[in-house]
Amino acid sequence: MFWFRLKGGSKTSVLCRKQHNLAPVHIHWGEVIFMHNVFKSWLFFTALLLLFLTLAVTLPGLSDKLFGSTELQLDAAAQDVNRQIQEVWANLTP
Amino acid sequence: MTRRITVHPSAILWLSVLGYLSGDTLGIFLLSALLHEMGHALALYAMKKPPAHITVSFSGMAMETPPLGYRDELLAAASGPAVSLLLGLFLPLWPKLGLYSVILGLFNLLPICGLDGGRILRCLLMLRLPESTAERICGAGGILTALLLLALGGYLTVYHDLGFWPLALAGALLYKALTTKAL
């Protein structure tokens with residue numbers, strides 16, 4: 001069953017709108033996909049989580065492809081900014 | 001009693017990031033995001049218009065609010081990034097939290113529909129211009145910003161060894177800018 005949100009915030013289904021002869025509403029394909037019931041299922045997302053974790057463990061190179069050295073660069077940036085603040089603070093205090 | 005917080009199943013996907021990033025980085029990022037969202041909530045409570053319902057999902061927190069005027073909406077939208085930028089004061093004490101919060105705050109200030117910056121821009125324009133003109137400017141501004149981000153994402157991915165996430169994030173923002181008609 002596909003669901004979409006109406007302007008007032010209520011939800012109705014495509015089937016329901018057909019049954020009641022309501023005017024068709026333009027739905028973007030992205031909305032249709034993401035409002036399908038499977039995307040509200042804990043089972044689906046748990047399976048997806050397990051798949052991601054399995055890929056992370058079995059394909060170590062994937063982590064590098066996805067995130068590169070982001071963490072290292074952020075750590076270095078945080079330390080660098082911190083060092084600069086300490087220097088400015090040291091110069092300000094007599 | 002009506003349920004006020006819903007956790008969407010997609011929220012558990014944040015755990016999968018643990019497999020790719022360290023728990024430390026993910027934990028601090030989530031704390032920073034939580035404080036950012038609390039900034040929005042606090043502003044709404046201060047205006048005596050508390051969120052009726054909160055949905056937590058992979059893409060963040062969505063707050064369902066009572067009808068807000070443009071001024072109130074602007075304040076509520078700006079309070080999240082304001083809290084994030086204020087957390088930058090923690091840089092000397094907790095450098096990672098300070099830096100992540102400032103990055104999160106600046107990212108959310110991008111003028112793209114769906115982000116706080118897009119909402120702030122829209123409210124500011126709505127207060128001064130006719131609705132249709134304001135919507136057009138916001139839409140075009142969002143798409144242009146997202147296209148620039150896509151170029152920046154490509155640059156960061158290729159030349160700065162940041163992996164594919166900047167490109168993927170910019171692509172998602174472009175999709176959002178192209179498909180969001182009204183906030």
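Just so you know, these numbers come straight off a predicted model, no measurement behind them. In what follows, chains are A, B, ... by sequence order, proteins preceding strands, each numbered from 1.
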Hey, which of [options] has the most heavy atom pairs under 4.5 Å with chain A?
| options | value |
| --- | --- |
| B/Pro92, B/Ala168, B/Gly19 | B/Pro92 |
| B/Phe164, B/Trp165, B/Tyr100 | B/Trp165 |
| B/Thr25, B/Leu93, B/Leu167, B/Val17 | B/Thr25 |
| B/Leu18, B/Leu15, B/Thr157 | B/Leu15 |

| said: Less than 4.0 angstrom from a charged side-chain N to a carboxylate O is my criterion; do B/Arg119 and B/Asp116 meet it? | reply: no
| query | Taking the inter-plane angle between the rings of B/His40 and B/His36 on a 0 to 90° scale, is it parallel (under 30°), tilted (30 to 60°) or perpendicular (over 60°)? | reply | perpendicular
| task | Would you mind telling me which of A/Leu62, A/Leu48, A/Leu74 has the largest number of heavy-atom pairs within less than 4.5 Å of chain B? | result | A/Leu74
| Can you say whether B/Ile103 sits under 4.5 Å from chain A via the side chain, the backbone, both, or neither, judging by heavy atoms? |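 Looking at B/Ile103, just its side chain touches chain A.
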| Residue part contacting chain A, namely of B/Phe58, when any heavy atom lies under 4.5 Å |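 Neither; nothing under 4.5 Å.
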| field | Heavy-atom proximity to chain B below 4.5 Å, by part of A/Leu55 | value | both
| For A/Leu66, is it the side chain, the backbone, both, or neither that has a heavy atom closer than 4.5 Å to a heavy atom of chain B? | both
| query | Measuring from A/Asp64:CG to B/Tyr20:OH, what's the distance to the nearest 0.5 Å? | reply |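 Rounded to the nearest 0.5 Å, the CG-OH separation comes to 12.0 Å.
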| request: Spell out, as yes or no, whether a donor-acceptor pair under 3.5 Å connects the side chain of B/Thr145 to the backbone of B/Ile112. | output: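 No; judged by distance alone, with no hydrogens or angles, the pair does not exist.
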